[in-house]
There are 4 protein chains.
Amino acid sequence: MTDNRLHELRSQIDEINFKLLELLNARARVVTEISTVQTELGTSFYDPSREGQMLTQLESANEGPFSNETIKALFREIFRASLAMQEKQAKARIMVERKSPDERTVISMPDGYTIGAGDFRVIAGSCAVESMAQMDEVGAALAARGIRLMRGMAYKPRTSPYDFQGMGEAGLKIARQVADKYKMYVVSEIMDLSQLTVMQDYVDVFWVGARNMQNSFLLKALGQQRKPVILKRGFGSTLEEFLYAAEYIVSSGNPNVMLIERGIRTFERWTRATLDVGGVAVLKLESHLPVIIDISHSAGRRDIAIPLARVAAVSGADGLMVEVHPNPPVAMSDAKQQLSIAEFNAMMDAVEALAPMSSSHKG
Amino acid sequence: MTDNRLHELRSQIDEINFKLLELLNARARVVTEISTVQTELGTSFYDPSREGQMLTQLESANEGPFSNETIKALFREIFRASLAMQEKQAKARIMVERKSPDERTVISMPDGYTIGAGDFRVIAGSCAVESMAQMDEVGAALAARGIRLMRGMAYKPRTSPYDFQGMGEAGLKIARQVADKYKMYVVSEIMDLSQLTVMQDYVDVFWVGARNMQNSFLLKALGQQRKPVILKRGFGSTLEEFLYAAEYIVSSGNPNVMLIERGIRTFERWTRATLDVGGVAVLKLESHLPVIIDISHSAGRRDIAIPLARVAAVSGADGLMVEVHPNPPVAMSDAKQQLSIAEFNAMMDAVEALAPMSSSHKG
Amino acid sequence: MTDNRLHELRSQIDEINFKLLELLNARARVVTEISTVQTELGTSFYDPSREGQMLTQLESANEGPFSNETIKALFREIFRASLAMQEKQAKARIMVERKSPDERTVISMPDGYTIGAGDFRVIAGSCAVESMAQMDEVGAALAARGIRLMRGMAYKPRTSPYDFQGMGEAGLKIARQVADKYKMYVVSEIMDLSQLTVMQDYVDVFWVGARNMQNSFLLKALGQQRKPVILKRGFGSTLEEFLYAAEYIVSSGNPNVMLIERGIRTFERWTRATLDVGGVAVLKLESHLPVIIDISHSAGRRDIAIPLARVAAVSGADGLMVEVHPNPPVAMSDAKQQLSIAEFNAMMDAVEALAPMSSSHKG
Amino acid sequence: MTDNRLHELRSQIDEINFKLLELLNARARVVTEISTVQTELGTSFYDPSREGQMLTQLESANEGPFSNETIKALFREIFRASLAMQEKQAKARIMVERKSPDERTVISMPDGYTIGAGDFRVIAGSCAVESMAQMDEVGAALAARGIRLMRGMAYKPRTSPYDFQGMGEAGLKIARQVADKYKMYVVSEIMDLSQLTVMQDYVDVFWVGARNMQNSFLLKALGQQRKPVILKRGFGSTLEEFLYAAEYIVSSGNPNVMLIERGIRTFERWTRATLDVGGVAVLKLESHLPVIIDISHSAGRRDIAIPLARVAAVSGADGLMVEVHPNPPVAMSDAKQQLSIAEFNAMMDAVEALAPMSSSHKG
């Protein structure tokens with residue numbers, strides 16, 4: 001008896017559902033027309049005062065059993081869906097979002113070396129340019145393992161104004177010379193758009209540090225030139241914010257953006273940060289941009305470099321970034337986490353055992 | 001011209017809105033009937049497979065312009081609203097939730113001393129019972145300031161099995177003697193329900209520590225006796241989880257629960273934890289239970305005790321908890337954060353200048 | 001000239017260093033003798049009031065240039081080092097700590113199936129026992145892939161007292177029957193030591209959930225029986241606390257403990273928790289216990305199960321844990337993260353491509 | 001007997017302690033001399049390779065009972081103490097650090113209105129300049145309560161490039177006009193140093209947002225002009241990083257810096273961020289700079305504005321910041337957290353009941 005009654009009530013629900021569906025789509029059609037008019041008028045789709053009026057009207061008309069609060073919540077969802085549809089119709093969706101499972105951004109360097117095309121890439125080098133001798137020693141070691149993207153950091157963002165701030169243009173010159181000698185590309189951090197001109201002469205790939213992830217002026221300036229950009233996730237930034245930061249660059253005109261996950265800040269103190277490897281998997285689902293895992297800053301310690309490199313190699317990421325120094329204990333920064341050359345070679349052996357790598361410049 | 005058109009389109013939207021409102025409430029009425037049937041049948045309101053069927057039907061029927069994804073999202077909101085209504089109708093709402101702005105739980109001790117009735121209360125005492133001499137010295141100091149609720153911790157949950165685990169029943173005896181001497185109540189931590197019997201003889205208020213906040217066996221056991229319970233927020237627990245933990249106690253039969261906020265774990269290291277004072281304000285909005293602020297464990301340092309005590313006094317909380325030791329540097333636990341007796345007196349002066357306090361018992 | 005002076009001063013430093021070294025070791029020798037006396041007297045090594053006296057004496061005697069604060073800080077380090085040495089001498093070091101790179105705990109099940117011996121292990125099964133049909137369907141699927149350790153959860157710790165709390169003993173019976181049918185072992189969560197007796201009849205491996213990681217009563221009880229224990233990291237717990245929690249079990253007599261990393265709580269919301277894969281690498285350095293990666297609760301979403309399984313397979317962990325349900329959308333808990341059987345099979349393919357696995361019960 | 005022996009051994013320890021004290025200070029004296037030489041030579045105090053050599057020497061010489069590891073740890077502490085002493089001696093300490101309990105930075109506006117001198121200050125205004133009507137309505141309401149520092153935000157840092165980015169210079173003009181009309185000062189966010197010139201004409205106090213807290217180029221530029229700067233703590237930044245960011249400004253020449261705490265990111269979701277009120281207390285201990293509490297962004301909800309304002313008023317902070325909008329539900333940003341004018345007035349009543357406020361300008 002009650003079972004029959006339940007069946008009957010459920011049929012009523014089904015019927016109402018279909019009527020709701022019809023009405024929602026009718027509403028969506030009117031909204032589409034409104035979009036056209038608004039575009040002509042040049043007014044914004046989002047009109048909170050109009051929304052406020054509609055909600056007030058509905059509250060007055062509501063006789064329950066849904067509470068006013070529930071009714072308002074449901075209509076706010078409907079407004080949001082309408083607005084989302086308008087925005088989707090009116091302009092391209094978020095550019096960094098992956099629209100199909102096989103969409104991928106492939107970054108090509110001048111000689112055809114690619115990032116994001118399937119080969120697993122290693123970006124390596126010392127935390128900072130300290131001297132020609134140091135850079136040359138590291139450069140030779142990197143070249144011997146087929147590395148093509150070398151860190152050549154000449155401007156160091158530091159917590160304290162009294163810490164070593166990098167060698168500046170002198171450092172860029174050293175990085176350029178070493179890179180040329182070993183047929184590598186210079187990856188170097190830009191901290192302010194005022195540095196763009198001087199860096200253009202020396203740098204092949206611009207690096208935006210964690211502290212600057214949401215520096216929209218810098219991001220837009222990098223979007224208006226064509227060299228690839230490596231964008232680092234802020235240590236306190238969500239994945240959503242990370243993708244929007246990339247969108248600032250891409251929507252300004254430069255599609256050549258790589259994302260680099262470097263660990264987020266948590267309560268755990270045995271590592272410097274907590275590498276968000278699940279976040280990397282999510283980024284690869286959500287976006288077509290190449291993703292790199294920074295195994296140095298996330299760990300803050302060299303003794304877990306090999307397991308982290310192995311993890312990076314199979315995680316779906318397009319590459320990893322690692323710091324290498326001829327003599328880590330005396331490095332001017334990041335002494336605890338830079339690998340010695342021997343440690344770097346051991347790490348490369350581990351990566352090569354797992355990931356397809358090709359150092360050739362054409363392939 | 002376009003303005004007129006816009007006006008016209010908006011009238012169409014208004015009309016559709018009212019039809020949607022009507023349909024949504026019609027649906028809610030049928031759902032209410034379904035609830036009655038389901039209660040008779042003893043089946044759960046939540047029926048994900050039925051929801052799955054409805055979504056599939058709607059997807060098949062959908063002709064746009066809303067995408068299937070949008071339609072499913074909107075109907076999921078409708079399902080959620082319906083379920084929420086059912087749950088609200090069918091059973092009492094969460095018991096610890098405040099239903100009206102002036103609802104409050106007042107905890108009365110045997111002699112009429114209250115917590116939660118408006119006076120600001122201070123719970124104080126050493127981190128752990130260490131000796132009769134220590135407890136007596138602290139007890140005298142507390143009594144001199146009108147404190148009625150004294151920490152008498154005899155079982156200490158410790159990170160390491162090799163750390164001091166408390167004096168056990170011997171400690172409870174000391175706490176009881178000192179409390180009796182100074183007409184105070186013993187507040188003491190219970191770590192497992194197997195301790196309940198022995199503790200009943202010595203303890204006036206049970207304390208559940210942060211590590212046990214979600215120990216549902218312990219919570220339910222404390223819900224089946226009548227002595228007040230102080231429930232501490234886990235350092236990694238959300239406010240929602242905190243309230244549900246209290247619900248375990250209250251729904252088991254004991255309404256005399258106080259909540260204690262003791263700071264949550266974050267990346268910041270200059271304090272031991274981050275006191276969530278905004279969370280206290282939210283708890284006071286959401287729940288009728290008394291809320292206490294622990295100024296010792298949240299800070300982990302005694303040098304900010306006075307500003308934190310001032311903050312607690314005006315935050316809307318019903319009291320604060322502070323650790324006091326005759327000689328903090330030699331305390332067996334929490335040496336950095338316990339106040340000396342002089343520091344405690346200074347703190348009390350600061351609190352009394354801001355908050356209404358009354359130490360007198362009723363009778 | 002200044003260079004010579006620098007050289008000379010550095011020689012003076014070297015000389016002082018050697019004298020300091022000598023004195024520190026002389027001090028350590030006296031401390032060792034004191035340990036012997038204290039052990040005879042049965043008093044604690046840690047004597048904070050004695051430390052307080054020594055610091056006061058040193059402060060009075062200090063004439064700089066080191067400030068009193070610095071002197072006290074240095075002597076506190078010396079005290080700490082002495083205490084550490086005493087503790088190390090007097091009792092075994094932390095038992096869960098790895099003393100040599102090749103030390104490993106291998107857990108052997110009755111038929112010789114091992115965890116921690118090198119083969120990568122998969123623990124799998126539904127979040128909760130819901131019915132015989134569900135368990136049998138999952139059990140068959142697991143057995144087909146050589147899984148030997150099956151989740152058979154009959155007591156579910158839930159945030160809300162109104163959520164499904166598990167089937168209890170009826171669920172244990174189902175789990176046992178299914179496990180026997182498919183020659184698997186039952187892994188099941190224990191929430192309170194009062195459940196130990198009833199569970200002994202059905203369960204092969206005890207599981208301690210994240211909320212109970214620091215429930216020392218439960219840990220000690222599990223240390224006093226011999227079945228293996230899987231200990232889950234609390235979502236707000238540090239690695240140090242995690243290892244000490246394991247120490248509670250091991251120091252109580254049961255060496256058969258596995259650690260399971262399940263993600264920690266952070267600000268990121270696109271995954272349910274943040275899998276601490278760097279933490280896993282550190283655990284493998286610090287401890288000899290097997291470590292398992294929970295790819296279900298850390299992600300809270302099934303669409304990244306394959307990359308996380310791949311990561312687990314090469315991370316140095318000894319296995320992974322994954323939730324599998326015949327029909328995830330209607331599961332009574334964890335609906336978003338349980339894999340369907342097809343998804344589970346795809347995940348197994350991915351793992352088998354990377355990790356040495358052997359399902360045979362002897363080897 | 002053993003008691004006598006213990007006494008005797010303790011005397012030996014005391015004797016060794018005094019010798020250690022003497023040696024440590026002798027070492028510190030030599031280090032002081034080395035500092036002088038190094039300053040002449042222009043070399044860095046920190047010389048990790050020298051430290052490495054000393055540790056290697058000590059390891060070779062160590063015969064125990066202290067392990068090499070312990071000896072190295074103790075000497076590293078000694079090296080650290082020496083380095084700290086050198087840094088303290090050689091250059092001014094960190095400029096933003098408070099050197100004595102009564103040191104305070106007082107910021108004076110042109111007409112003598114002060115921040116940091118003891119009166120509690122309220123900075124208020126809408127999240128963004130949206131129109132003259134909106135700004136005028138808010139301006140009038142603020143002026144009526146004696147507010148002197150008005151938000152006039154014309155450049156909005158936004159997560160998405162498609163969100164409202166502020167009115168730009170047109171917004172600055174409106175803010176200036178309204179501020180002049182009501183005798184208030186304009187507080188406005190600067191996002192890049194390229195905006196400095198145009199903003200100089202309209203703005204009285206520069207605001208650096210959370211996303212730019214570590215933008216050292218911007219900080220240094222603001223240090224080279226004299227208008228006051230409000231520096232906001234990054235949501236993922238430690239207090240130490242916060243103070244160093246302020247140091248970038250102060251060490252570049254501008255002492256007029258206020259710190260603003262706006263909540264940090266944690267796992268808790270019932271508030272937008274977690275207000276670090278303990279951090280405010282620590283900042284007031286560590287630094288002489290004025291500290292302001294942002295009760296809007298920390299909460300992200302208006303319904304706890306009054307308790308948070310009360311907390312701010314007694315926390316030791318020098319003021320609070322609150323967002324006010326004539327019609328919050330239709331605000332173009334931060335709709336959930338801006339107060340209506342009526343809510344603002346209620347908040348002001350609460351603050352005035354607790355904190356000394358004086359709106360009168362000096363003259």
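Only heavy atoms go into these numbers, but all of them, side chains included; no hydrogens, no water, no symmetry mates. So you know, we letter chains A, B, ... as the sequences are listed, proteins then strands, and number each from 1.
Of the two parts of Thr266(C), only the backbone, made up of N, CA, C and O, holds a non-hydrogen atom closer than 4.5 Å to a non-hydrogen atom of chain D. Interface residue Glu268(C): only backbone heavy atoms are found under 4.5 Å from chain D. Using a 4.5 Å cut-off between heavy atoms, Glu63(D) touches chain C through its backbone atoms (N, CA, C, O) alone. Of the atoms belonging to Ile71(C), it is side-chain heavy atoms, and not backbone ones, that fall under 4.5 Å from chain D. In this structure, the portion of Leu74(C) lying under 4.5 Å from any heavy atom of chain D is its side chain and not its backbone.
Between chain C and the options Glu22(D), Gln12(D), Arg10(D), the largest number of non-hydrogen pairs under 4.5 Å is found for Arg10(D). Taking Glu77(C), Arg265(C), Arg80(C) one by one and counting their heavy-atom pairs under 4.5 Å with chain D, the maximum is reached by Glu77(C). Heavy-atom pairs under 4.5 Å with chain D were tallied for Thr70(C), Asn62(C), Ile78(C); the largest tally goes to Asn62(C).
At least one donor-acceptor pair closer than 3.5 Å links the side chain of Asn25(C) to the backbone N or O of Phe66(D).
Residues Phe267(C) and Ile264(D) fail the side-chain proximity criterion, which asks for heavy atoms closer than 4.5 Å. For the pair Met54(C)/Ile13(D), a side-chain contact is recorded, criterion being any heavy-atom separation below 4.5 Å from C-beta on.
Annotation for Pro65(C) and Thr32(D): closest pair CG-OG1, 4.4 Å, computed over non-hydrogen atoms. Contact detail for Asn17(D) and Leu58(C): the closest heavy-atom pair is O-CD2, 3.8 Å. When every heavy atom of Phe75(C) is checked against every heavy atom of Leu21(D), the shortest pair comes out as CZ-N, 3.9 Å.
Separation of atoms CZ (Arg29(D)) and CG (Leu9(C)) is listed at 13.0 Å; rounding is to 0.5 Å.
Annotation for Gln57(C): atom CD counts as buried by contact number, over 12 foreign heavy atoms lying within 6.0 Å.
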